[in-house]
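Order of the sequence lines fixes the chain letters, A, B, ..., with proteins taken first and strands second; residue numbering starts at 1 for each chain.
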Amino acid sequence: MLARLSAACGTIGSVRIAVAPGPGQSGLLCQLDEDGSRRGQPVHADDLAAAVREYEGTGGIRWVWPATATIYPALLRAGVRVSRCHDVTLAQALLFSRDGQPGESVALADAWATLRPLPGPAQAPSGRQPSQQALFDPALTAGHHEVQAGQSLDALIAVHADQQARVAADEHPARFRLLVAAESAGALAAAEMSQAGLPWRAEVHDELLTGLLGPRPPGAAGLTARAGPGPAPRPTRLAELAAQISVALGGRHPVNPDSPAQLIRALAAAGIRVPSTRLAVLKEIDHPVIPPLLEYKELSRLHAAFGWSWLDTWVSDGRFRPEYVVGGVVSGRWASRGGGALQIPRLLRRAVVADPGWALVVADAAQLEPRILAALAGDRAFAAAAAGGDLYAALAGAFGGDRGKAKLALLSAMYGGAGGEAGQLLAVLRQRFPDASGYVEAAARAGEEGRVVRSVLGRTCPPPSAGWRAITEESGDPDTERDPRAGRASRARGRFTRNFVVQASAADWALVMLAALRARLAKIDPHNGQPDAMPPAQPLPLGARSTTPPDPDDPHDPQRPPGPHLVFFQHDEVIVHCHQDQAEAVVAAVAQAGEEAARLVFGPTQVAFPLTTAVVDCYADAK
DNA sequence: AATGTTGGCGCG
DNA sequence: AAAGCGCGCCAACATT
């Protein structure tokens with residue numbers, strides 16, 4: 001049975017195999033045609049991971065499964081990697097937002113409900129890796145009998161077939177298909193990055209903290225709760241600053257700088273009236289309390305968000321392992337859960353260091369969003385400016401030779417700002433680059449009118465809320481005053497949709513770039529740094545045990561993949577961890593991935609999407 | 001005591 | 001430098 005299926009897989013370009021986990025480590029597989037219809041009977045596998053590994057080795061497979069986030073980590077723990085998948089949950093979310101309310105039949109709604117047994121990912125709240133456990137999430141398979149696995153497989157196949165039909169019915173089916181594939185590939189990359197982890201030197205982090213804050217306060221370390229009630233002890237430097245602040249504010253009683261309300265009162269008592277205690281507000285004030293207060297805020301933020309307890313919770317075995325939430329942002333950007341992975345202070349990049357003999361390739365898409373706008377709008381003059389290195393410099397001519405003005409004009413156009421001199425600059429932009437300007441203006445108008453907008457690949461923004469509709473609803477009665485909040489709400493949504501078309505299309509490009517890079521990295525031979533002449537096709541003996549091969553080169557991290565691998569992705573920036581000898585090949589792969597993404601997402605375009613790359617030991621040394 | 005909201009700030 | 005957009009997370013504070 002397996003041999004027959006494998007043979008078929010080897011000869012067809014794109015073969016889909018649906019996967020439904022069953023009891024224990026077992027599962028059901030069923031080959032599908034491109035449109036999602038069954039090809040042959042389901043196959044039972046006692047060891048699902050081994051079966052996936054075996055089929056994967058034959059090449060050209062796209063795995064169809066309910067959710068990468070729940071299945072793939074277990075496969076990775078078993079040492080199995082796959083190159084392509086169709087994530088039914090992510091595809092469903094894309095289709096749902098595209099179509100508004102669900103258009104499925106009752107039967108399909110039931111099928112979809114069957115596939116969603118979990119309210120959410122059942123993960124431990126702490127950052128620790130799940131300890132040794134059943135191959136698949138117990139919550140996913142608990143109580144599952146063979147019959148239920150069969151029902152899951154049926155539901156999966158039905159929902160997937162429906163999705164394929166809906167994708168094909170899109171206004172731009174090829175683009176939407178690319179979106180679904182890229183979103184799914186992103187989910188694979190996210191799971192792999194969580195498993196690999198970002199190399200993180202805890203001792204460097206600790207030294208940074210100690211240098212800035214003083215030694216770690218006693219009693220806060222370890223797993224035991226702090227003795228006694230009351231607030232946690234402040235590190236010495238924070239305590240000093242808090243004391244200085246209290247003295248500078250009159251010193252009658254101590255002020256807690258962490259409390260905006262207390263601070264505003266104390267400042268008022270000292271003759272300083274402020275609407276808030278934001279950094280921007282405080283910086284404008286000339287008073288002895290301000291310097292220590294600004295320093296306190298900066299350090300206290302570092303201590304609270306990325307201090308020693310963060311280190312205890314999130315870094316182990318020299319790795320920071322965040323959990324990414326693919327599609328977690330409406331624009332298609334990723335979010336993260338726990339550890340603040342996408343908000344790492346620049347200061348702490350000093351702690352991100354490659355393993356000995358290895359390197360970090362840090363790649364960053366330069367001026368991505370204005371370039372996206374240039375490609376989206378098809379504005380010839382604007383695209384010409386985006387064909388080269390520095391987009392803003394190329395536009396400066398239109399703004400009296402002032403690069404800064406060009407940048408401000410662009411940012412205002414993309415974000416909806418119009419304060420200060422931005423209004424004038426926008427007028428210049430509108431005159432000189434009418435198509436680029438018109439593109440975002442049209443998106444803003446759509447938003448103000450309550451319509452939805454889409455990214456280049458077809459990701460749709462959420463519709464306005466019921467509350468928004470109620471506020472902005474025009475009353476039929478001319479005697480009734482329009483809600484005064486209506487204008488504000490309408491303009492706010494206009495800024496959202498104006499930004500959405502750019503930010504979401506940038507996310508499209510970045511996701512496709514990530515997927516392309518991931519595929520190219522897999523082809524770089526871990527041993528000589530050159531792309532493999534032949535893809536490794538080494539079918540394993542039937543029922544082979546799946547274990548991660550230990551890396552003899554590095555006792556430090558036996559889980560680290562031997563070849564170049566992604567370790568970080570942040571909107572328009574990516575980090576690859578690789579052996580020093582592979583860095584050159586990785587840099588080339590990054591550039592190729594950027595070009596491939598531009599071609600796939602926009603087709604032929606004059607606009608360039610350059611990625612600046614740096615090969616470094618330490619993240620902080622990149623640019 | 002647990003849960004929700006607010007103000008503030010880190011990242012892109 | 002901040003401004004417009006998008007997030008996550010913290011301590012403090014409010015509510016249940």
> For the side chain of A/Pro345, counting heavy atoms from C-beta on, which of B/dG12, B/dG10, C/dC5 is nearest?
Replying inline: B/dG10
> How close or far is atom P of C/dA3 from atom CG of A/Leu279, stated in whole angstroms?
Replying inline: 11 Å
> On a whole-Å scale, what distance lies between the C1' atoms belonging to B/dT6 and C/dG4?
Replying inline: 22 Å
> Checking salt bridge (Lys or Arg N to Asp or Glu O under 4.0 Å) against A/Arg333, which of A/Glu369, A/Glu183, A/Glu573 comes through?
Replying inline: A/Glu369
> Taking everything shown except A/Glu203 itself, do over 12 heavy atoms lie less than 6.0 Å from its CD?
Replying inline: yes
>> Taking 4.0 Å as the cut-off, does a side-chain nitrogen or oxygen of A/Ser331 come that near to OP1 or OP2 on C/dC7?
In response: no
>> Any side-chain N or O of A/Ser412 below 4.0 angstrom from OP1/OP2 of C/dA3?
In response: no
>> Heavy atoms from C-beta onward define the side chain here; which of B/dC11, B/dG8, C/dC5 lies closest to that of A/Gln570?
In response: B/dC11
>> Any side-chain N or O of A/Asn256 below 4.0 angstrom from OP1/OP2 of C/dA12?
In response: yes
> Within the structure shown, what part of the strands sits under 4.0 Å from A/Arg491 by heavy-atom distance: base, sugar-phosphate, or nothing?
Replying inline: nothing
> How is A/Ala280 classified with respect to the nucleic acid when contacts are heavy atoms under 4.0 Å: base, sugar-phosphate, or nothing?
Replying inline: nothing
>> Need one value for A/Gly338: base, sugar-phosphate or nothing, where a base atom within 4.0 Å counts as base even if backbone is also close, heavy atoms only.
In response: sugar-phosphate
>> Heavy atoms only, 4.0 Å cut-off, all strands: where does A/Arg333 land among base, sugar-phosphate and nothing?
In response: base
> So, is C/dG4 syn or anti if syn means the angle is within 90° of 0?
Replying inline: syn
>> Check for me whether A/Arg498 meets the cation-pi criterion with A/Tyr415, that is, NZ or CZ under 6.0 Å from the six-membered ring centre and within 45 degrees of the ring axis.
In response: no
> Quick one: which of C/dC13, B/dG8, C/dC5 gets closest to the side chain of A/Gln262?
Replying inline: C/dC13
>> So, applying side chain to side chain contact (heavy atoms under 4.5 Å, CB included) with A/Leu373, which one of A/Leu410, A/Val501, A/Asp379 is it?
In response: A/Leu410
> Just checking A/Val330: base, sugar-phosphate only, or nothing, at a heavy-atom cut-off of under 4.0 Å?
Replying inline: sugar-phosphate
> Per the atom types in the model, does the base of B/dG7 pair as donor or acceptor with the side chain of A/Arg278 at under 3.5 Å?
Replying inline: no
>> Rounded to whole Å, how long is the line connecting atom CZ of A/Arg498 with atom P of C/dA3?
In response: 18 Å
> Which nucleotide, C/dA3, C/dC7, C/dC13, lies nearest any side-chain atom of A/Leu408?
Replying inline: C/dA3
>> Counting only side-chain nitrogens and oxygens, does A/Ser336 get under 4.0 Å of the OP1 or OP2 atom of C/dC7?
In response: no
> Who does C/dG4 pair with, Watson-Crick or G-U, both distances under 3.5 Å?
Replying inline: none
>> Could you check whether A/Asp87 and A/Thr68, counting side-chain N and O atoms only, form a donor-acceptor pair closer than 3.5 Å?
In response: yes
>> Measuring from the side chain of A/Ala304 (C-beta onward, heavy atoms only), which nucleotide among B/dG7, B/dG12, C/dA11 has the closest atom?
In response: C/dA11
>> If you count every heavy atom of other residues, nucleotides or ligands that lies below 6.0 Å from A/Glu449 atom CD, does the total exceed 12?
In response: yes
> Does A/Arg346 put a side-chain nitrogen or oxygen below 4.0 Å from OP1 or OP2 of B/dG12?
Replying inline: yes
> Would you say the side chain of A/Arg301 and the base of B/dC9 hold a donor-acceptor pair, judged only by whether the two atoms sit under 3.5 Å apart?
Replying inline: yes
>> Tell me whether the side-chain N/O atoms of A/Lys297 come closer than 4.0 Å to OP1 or OP2 in B/dC9.
In response: yes
> What nucleic acid atoms does A/Ile344 come within less than 4.0 Å of, heavy atoms only: base, sugar-phosphate, or nothing?
Replying inline: sugar-phosphate
>> How many whole angstroms separate atom OH of A/Tyr296 from atom P of C/dA12?
In response: 8 Å
> Once you round it to whole Å, what is the distance between C1' of B/dC11 and CZ of A/Phe320?
Replying inline: 12 Å
>> Please classify the nucleic acid contact of A/Ser276 as base, sugar-phosphate, or nothing, using heavy-atom distances under 4.0 Å.
In response: sugar-phosphate
> Between A/Phe320, A/Trp310, A/Trp308, which is the residue that forms a ring pair (Phe, Tyr, Trp, His ring centres under 6.0 Å) with A/His205?
Replying inline: A/Trp310
